[in-house]
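Fair warning: this is a prediction, and the values are worked out from it, not measured in the lab. Naming: A, B, ... by sequence-line order, numbering from 1 per chain.
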2 protein chains.
Amino acid sequence: MTAANLRARVRAEMTEEIKQVAQRHLATDGANLSLRAVARDLGMASSAVYRYFASRDELLTAMIIDAYEAVGAAAARADAAATVASSPAVAPVERWVAISHAVRDWAVANPHQWALIYGSPVPGYEAPQDTIESAIRVIMLLAGVLRDALAAGELPAVPGQPAGRFGEELAAVAAQFGLDTPAHLVGATMYGFVHLCGAISTELYGQLNNSIDEDRRGFFEWQMRATAAFAGLR
Amino acid sequence: MTAANLRARVRAEMTEEIKQVAQRHLATDGANLSLRAVARDLGMASSAVYRYFASRDELLTAMIIDAYEAVGAAAARADAAATVASSPAVAPVERWVAISHAVRDWAVANPHQWALIYGSPVPGYEAPQDTIESAIRVIMLLAGVLRDALAAGELPAVPGQPAGRFGEELAAVAAQFGLDTPAHLVGATMYGFVHLCGAISTELYGQLNNSIDEDRRGFFEWQMRATAAFAGLR
DNA sequence: GCCACGACGAGAGCACTGCTCTTGCATGGC
DNA sequence: GCCATGCAAGAGCAGTGCTCTCGTCGTGGC
């Protein structure tokens with residue numbers, strides 16, 4: 001190992017350490033992440049952090065990517081577990097529900113990270129291209145459930161596509177991602193994803209207070225089964 | 001008018017002026033509202049603002065209440081217009097769609113205000129009780145559509161309530177607000193509201209980028225008609 | 001009519017923030 | 001052995017929320 005490689009490794013470790021401390025601050029203090037406070041926790045000058053992240057926004061971007069990775073990984077794990085668990089043929093709706101629960105569980109456990117990726121954008125911050133490939137993992141999992149269900153002949157045939165310009169856009173999305181699913185299934189996927197985001201955000205941001213206070217998990221599952229039914233799963 | 005009343009009026013006008021300038025800043029700069037910048041725009045010292053708002057959070061709270069009022073009023077206006085427009089008997093689903101479009105139109109026109117009330121909470125900020133009565137206006141309008149449709153016999157009968165603890169909570173909500181609608185309709189109302197929030201937030205926060213870029217309004221309406229159908233409207 | 005009181009505005013100041021610039025230090029390659 | 005390079009630290013700038021004090025000015029009570 002050359003010295004340059006060693007230096008790069010030390011640098012990567014330091015970067016990781018900064019991110020970890022920043023994530024701890026994020027989890028406790030919320031989105032108003034203070035670079036100086038992170039530096040203090042690490043026992044170094046605030047200016048030293050700028051050797052690793054050019055700006056606070058860049059640090060936030062790194063945390064956004066990590067958050068997308070984490071929630072996507074949690075959802076993928078749940079999907080895999082649900083798929084395997086049903087050795088003969090699990091109902092696709094159970095995969096749909098398992099993915100949704102995994103996302104919600106992650107969000108409840110990491111509310112500030114959720115807000116970072118699916119909440120209102122940080123002021124003055126614009127998501128760079130780095131994040132988009134991480135951002136679509138959850139929705140691609142949902143799309144996969146419908147694709148498999150369609151292949152297994154478990155979805156009712158719906159001719160045509162939703163009427164309107166957006167129907168063509170849905171068809172274009174299917175083509176773009178190489179999905180051999182009709183446009184209305186792409187729409188149903190996005191419909192489910194939209195509701196997933198809405199259900200979690202309304203719950204986390206207090207819109208359900210004084211209405212559903214006890215069985216939020218049950219209410220959530222009821223909703224997600226409704227979106228699955230809209231897609232044709234049952 | 002006594003002098004005290006005059007003073008109170010001057011004070012109210014000044015308070016209103018501060019809120020207007022703050023709203024202008026909010027609309028352009030986003031949620032990182034600077035009290036000092038507002039004071040500069042008003043040509044007064046920053047400390048003078050504290051005569052009217054005890055803290056930045058209090059100013060934000062005032063703007064949150066105003067935002068709830070604005071979106072609720074827009075939705076109520078659209079509902080009233082849709083109801084009147086259909087002099088003999090407009091399909092209830094059109095009222096549902098009209099309310100939804102009004103909320104979305106307002107959100108698209110005032111994205112930062114939307115983020116303020118339905119986005120991730122401002123760091124360190126907790127919504128005070130003042131906001132909750134303003135917050136439920138939109139969802140009460142949606143509930144009203146279903147209530148009227150039920151009274152007109154336009155909803156299919158669904159016996160019982162959703163199974164689970166949350167079903168009881170839904171029934172309790174119906175009782176709490178004096179709604180004579182069954183629990184599953186309360187659930188459908190909240191389902192529609194959740195999707196409304198999710199659809200608008202995903203659109204505003206860029207989750208639809210590179211998928212639905214042209215006909216977002218059409219995609220939104222398609223979604224809201226689906227939530228109406230879930231409630232039994234068609 | 002006067003005067004005290006209270007509301008108000010302005011300014012200074014504190015602690016904090018993101019970010020930049022300069023300086024010193026240490027280490028590895030020649 | 002010397003030098004270049006990467007790193008850390010400190011000072012400093014402009015900005016923030018918020019507090020405190022002080023001067024002013026209009027108003028209500030006497």
Side-chain angles (χ1 to χ4, degrees), chain A residues 1-19 21-22 24-26 28-64 112 116 121-126 128, chain B residues 1-19 21-22 24-26 28-64 112 116 121-126 128:
Chain A
M1 160 171 330
T2 75
N5 282 354
L6 184 135
R7 246 220 274 272
R9 205 187 58 184
V10 168
R11 183 180 174 83
E13 282 173 7
M14 192 70 205
T15 305
E16 195 57 37
E17 200 167 347
I18 293 175
K19 285 204 297 186
V21 173
R24 240 174 38 218
H25 278 238
L26 206 63
T28 61
D29 294 355
N32 47 357
L33 181 66
S34 162
L35 222 148
R36 290 179 106 113
V38 171
R40 271 196 302 272
D41 260 26
L42 286 164
M44 60 201 239
S46 66
S47 55
V49 178
Y50 285 86
R51 296 266 169 201
Y52 301 90
F53 295 95
S55 70
R56 180 174 166 275
D57 270 7
E58 199 172 283
L59 177 56
L60 275 178
T61 300
M63 319 224 49
I64 286 174
H112 292 110
L116 209 55
V122 181
Y125 173 81
E126 203 55 38
Chain B
M1 160 171 332
T2 75
N5 283 354
L6 184 135
R7 245 220 272 267
R9 207 188 57 184
V10 168
R11 185 182 173 82
E13 282 173 8
M14 193 69 206
T15 305
E16 195 56 38
E17 200 166 348
I18 293 174
K19 285 203 295 185
V21 173
R24 236 173 42 216
H25 277 238
L26 206 63
T28 59
D29 294 353
N32 47 357
L33 181 66
S34 163
L35 222 147
R36 292 178 106 114
V38 171
R40 270 197 301 273
D41 260 26
L42 285 163
M44 62 202 244
S46 66
S47 55
V49 179
Y50 285 86
R51 297 270 172 203
Y52 301 90
F53 295 94
S55 68
R56 181 174 166 275
D57 270 8
E58 199 171 282
L59 177 56
L60 275 178
T61 300
M63 318 221 53
I64 286 174
H112 292 110
L116 209 55
V122 182
Y125 173 81
E126 202 55 37

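As a whole-Å value, the separation of Glu58(B) CD from dG17(D) P is 15 Å. What separates CG of Asp57(A) from C1' of dT17(C) is a distance of 14 Å, to the nearest Å. Atom-to-atom, CG of Leu35(A) to P of dT16(D) comes out at 19 Å; the value is rounded to the nearest Å. Between Leu33(A) atom CG and dT17(C) atom P there is a gap of 11 Å when expressed in whole angstrom units. Computed from coordinates, the Arg9(B) CZ to dG26(D) C1' distance equals 16 Å when rounded to whole Å. Per the geometry, OH belonging to Tyr50(A) stands 11 Å off P belonging to dT17(C), to the nearest Å. Whole-Å rounding puts the Met14(A) CE to dG6(D) C1' distance at 14 Å. The CD1-P distance, from Ile18(A) to dG18(C), rounds to 13 Å in whole Å.
Ser47(B) contributes no side-chain N or O that forms a donor-acceptor pair with the base of dG9(C) under 3.5 Å. The base of dG6(D) has none of its N or O atoms less than 3.5 Å from a complementary donor or acceptor on the side chain of Arg11(A). Taking 3.5 Å as the limit, the base of dG18(C) and the side chain of Arg36(A) contain a donor-acceptor pair of atoms between them.
Put simply, Arg51(A) has no side-chain N or O that comes within less than 4.0 Å of OP1 or OP2 on dC7(D).
Within residues 37-44 of chain A, the residues approaching DNA chain D are Gly43(A), Met44(A), by heavy-atom distance under 4.0 Å.
Note on Leu59(A): nothing from the nucleic acid sits closer than 4.0 angstrom, heavy atoms only. The residue Tyr52(A) sits close only to the backbone: its heavy atoms come under 4.0 Å of sugar-phosphate atoms, none of a base. Residue Ser34(B) is in sugar-phosphate contact alone, with no base atom involved, counting any heavy-atom pair closer than 4.0 Å across all strands shown.
With rounding to the nearest 0.5 angstrom, the CG atom of Asp57(B) is 10.5 Å from the CG atom of Leu33(B). In this structure, the separation between OH on Tyr52(B) and CD on Glu58(B) is 14.0 Å, given to the nearest 0.5 Å. With values rounded to the nearest 0.5 angstrom, His112(A) atom NE2 is found 8.0 Å from Thr28(A) atom OG1. Note that the CG atom of Leu116(B) and the CE atom of Met63(B) stand 7.5 Å from one another [nearest 0.5 Å]. Taking CG from Leu35(A) and CD1 from Ile18(A), the interatomic distance works out to 8.0 Å, rounded to the nearest 0.5 Å.
In terms of heavy-atom proximity, Arg56(B) sits nearest to Ala31(B) at NH2-O, 3.4 Å. Minimum interatomic distance between Ser46(B) and Ala39(B) (heavy atoms only, all atoms of both residues): CA-CB, 3.5 Å.
Across its full length, the helix from dG1(C)-dC30(D) to dC30(C)-dG1(D) shows an angle of 10° between the axes of its 5 terminal pairs at either end, rounded to 10 degrees.
Thr61(B) is not listed as a side-chain neighbour of Phe53(B), based on a closest heavy-atom distance of 4.5 Å or more. Counting heavy atoms from C-beta outward, Arg51(B) and Met44(B) have side chains that stay 4.5 Å or more apart. Looking only at side-chain heavy atoms (C-beta outward), Glu16(B) and Lys19(B) come within less than 4.5 Å of each other.
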